[in-house]
Amino acid sequence: MAKYSKQDILNIAKKQNVQYVRLQFSDILGTIKAVEIPVAKLKDALDDKIAFDGSSVEGFARIKEADMHLSPDRNTWLILDFEDLKYGKVARLICDVYMNNGKPFPGDPRYILKKTIRKMRELGYAQLNVGFEPEFYLFKVDEEGRPILNRAIDKASYFDLSPIDGAEYVRRDIALTLERLGFEVQTNHHEVGPGQNEINFKYDDALKTADRIQTLKQVVKIIAGKHGYYATFMPKPIEGIPGSGMHCNMSLVNENGENVFYDPTSKDDLSLICKKWLSGIINHARGLSFITNPAINSYKRLVSGFEAPVYASWSAANRSAMIRIPSEKGIATRTEIRNVDCMANPYLVISCLLASGLDGILHLQEKDIVSPIAENLFELTIDEIEKLGIKKLPSNLYDAIKEFKKDPLFKTVLGEPIYSKLLFIKENAWKKYSMIVTPFELDRYL
């Protein structure tokens, strides 16, 4: 049932002096797009009468089938009080994209997630709870507003406070803004790198969390800009410092509201369903990297020497594994997938992780379950790791592309339009990258 009726939204907009409404959606890369309308057109929008040209949006329609319609999700109605209020308030509605024939557009990432959730429910699971842990860097800017990458805003590290932490007030302002927008912020703190930050909000069902991470990215960038900083979610903005990830915590809930990953009768409190789930994700991990780590820069983060995982494994004992089982038990039992970064499209990454986990639940036998790794993988040699039978995650986007193509699961999950277009975009990006002569090469070989 919708949180707001059509009339509720019209009444709130009038009472709160909303002047403009942003009809928001995401392209296949996870970039936020929007059609803005004056509040006088809000009734038309709520009746699904707002059309737009999809031919100019990355991964959307061809010219001959360009006209599309935006169908607002009334649950996502939000007044953006952090926006410039000079000309009145701005509100937003996150929309699903429909074709002229009234059918959902198969290239809409939000539709892909909703479709995958429906399949999950057909298997008897009521909800997928998801919580993200997004990290980002803040940089000072020059006179033209460009980030100054060689000047960190502080020399702080994990959990440091002011005055060592140079942006504590910026992070607090972001957190307070998110709370006003309905987020339940749980923690915010300085991360390991200089100028690196993390803000965590409470988990919720998969679709709400995907919508919220898109909102969070907007808020972080806008509030940082108001304080004179440039915020980036780039996985590895500077060589030699920790990269930024977006750990993804997941748990399945049954029709009775019980966390099916928890089993107090087992030695490690993990159910057989949980172990099949995480084994499914590990079995698909190499192809999954194309979705969880979709950029060329993503693989500059997934290297030894930092906390980011390099190998497809799981553990309850250390953070070197790709999947960690946090210590909380009961309803809080969950799998923390640690290789995900903020360049990932949240709708697609949740869809593919969910499909991989369900594939494990459906098709793996108890004998197929991947064994946990107690050792710190960063301290083992390559030979020792190979003896344990642990697969390495792709080292670059080209390898991820090859692994993605090998795994038939993802074409089924994403559908032909998104599957083919993503491959086209990423293969083209790798081709261009391969032709660039870098400063490293000039320093080494010239």
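In what follows, every heavy atom counts, from backbone to side chain, and hydrogens, waters and symmetry copies are set aside.
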Counting distance only, does the side-chain N/O of Lys236 pair as donor-acceptor with the main-chain N or O of Ile241 below 3.5 Å? yes
Using a strict 4.0 Å threshold on nitrogen-to-oxygen distance, state whether Glu328 and Arg334 make a salt bridge. yes
Report yes or no: does Tyr137 contribute a side-chain atom to a donor-acceptor pair with the main-chain N or O of Ile238 at less than 3.5 Å? no
Using the ring of Tyr230 (Phe, Tyr or Trp, six-membered ring only), decide whether Lys221 places NZ or CZ under 6.0 Å from its centre and within 45 degrees of its axis. yes
Would you mind reporting whether Val141 and Tyr229 have side-chain heavy atoms less than 4.5 Å apart? no
Can you tell me if NZ on Lys329 sees more than 12 non-hydrogen neighbours from other groups inside 6.0 Å? yes
Could you check whether the rings of Phe410 and His284 sit parallel, tilted or perpendicular, using 30° and 60° as the cut-offs? perpendicular
Do the side chains of Asn75 and Tyr4 get nearer than 4.5 Å, heavy atoms only? no
Flag the pair Asp211 and Arg110 as a salt bridge only when some basic side-chain nitrogen lies within less than 4.0 angstrom of an acidic carboxylate oxygen. yes
Within 6.0 Å of CE in Met343, more than 12 heavy atoms from elsewhere: no
Could you check whether atom NZ of Lys208 has more than 12 heavy atoms from other residues, nucleotides or ligands sitting under 6.0 Å from it? no
Using the salt bridge (Lys or Arg N to Asp or Glu O under 4.0 Å) criterion, which residues pair with Glu416? Sequence neighbours excluded. Lys411
When you check the gap from the basic side-chain N to the acidic O, do Lys406 and Glu403 get nearer than 4.0 Å? yes
Students often mix this up, so state it plainly: with edges at 30° and 60°, are the rings of Trp430 and Tyr433 parallel, tilted or perpendicular? tilted
dist Tyr125:OH -> Asn254:CG (nearest 0.5 Å) comes out at 9.0 Å
Got a sec, which residues hit salt bridge (Lys or Arg N to Asp or Glu O under 4.0 Å) with Lys115, two or more places apart in sequence or on another chain? none
Go through it in stages, so that I can follow the logic: the residues are Tyr347 and Ile112, the test is side chain to side chain contact (heavy atoms under 4.5 Å, CB included), and I'd like the CA-CA distance, side-chain angles, deciding distance and then a yes or no. CA-CA 7 Å; Tyr347 302 103; Ile112 298 301; over 6 Å; no
Is a donor on one side and an acceptor on the other found under 3.5 Å between the side chain of Lys391 and the backbone of Ala312? no
Can you confirm whether Tyr20 is buried at OH, in the sense that more than 12 heavy atoms of other residues, nucleotides or ligands lie under 6.0 Å from that atom? no
We want to know whether Glu135 and Asn197 form a side-chain donor-acceptor pair, criterion being a heavy-atom distance below 3.5 angstrom. no
Quick test of your reading of the model: are Asp96 and Lys114 salt-bridged, counting only N-O distances below 4.0 Å? yes
Closest non-hydrogen contact found for Pro109 with Ile28 is CG-CA, 3.8 Å
More than 12 foreign heavy atoms under 6.0 Å from CD of Glu441: is that the case here? yes
State, with a plain yes or no, whether a side-chain heavy atom of Asp407 is found less than 4.5 Å away from one of Phe290. no
Does any donor atom in the side chain of Asn259 or Thr333 lie under 3.5 Å from an acceptor atom in the other side chain? no
About how many Å separate CE of Met246 and CD of Glu198, when rounded to the nearest 0.5 Å? 11.5 Å
Salt-bridge present (Lys275, Asp268; N to O < 4.0 Å): yes
Under-4.0 Å salt bridge between Asp81 and Lys89: no
Centroid separation Phe25 to Phe52 less than 6.0 Å: yes
If we ignore hydrogens and angles and just use 3.5 Å, is the side chain of Thr209 paired with the main-chain N or O of Val130 as donor and acceptor? yes
For Leu270, does its backbone N or O pair with a side-chain atom of Ser266 as donor and acceptor, under 3.5 Å? yes
Using modelled atom types and a 3.5 Å cut-off, is there a donor and acceptor pairing between side-chain atoms of Thr335 and backbone atoms of Met250? yes
Can you tell whether the side chains of Glu239 and Lys300 come within less than 4.0 Å, N to carboxylate O? no
Flag the pair Lys6 and Asp47 as a salt bridge only when some basic side-chain nitrogen lies within less than 4.0 angstrom of an acidic carboxylate oxygen. yes
Is the side chain of Thr76 donor-acceptor paired with the backbone N or O of Pro72 at a distance under 3.5 Å, no angle test? no
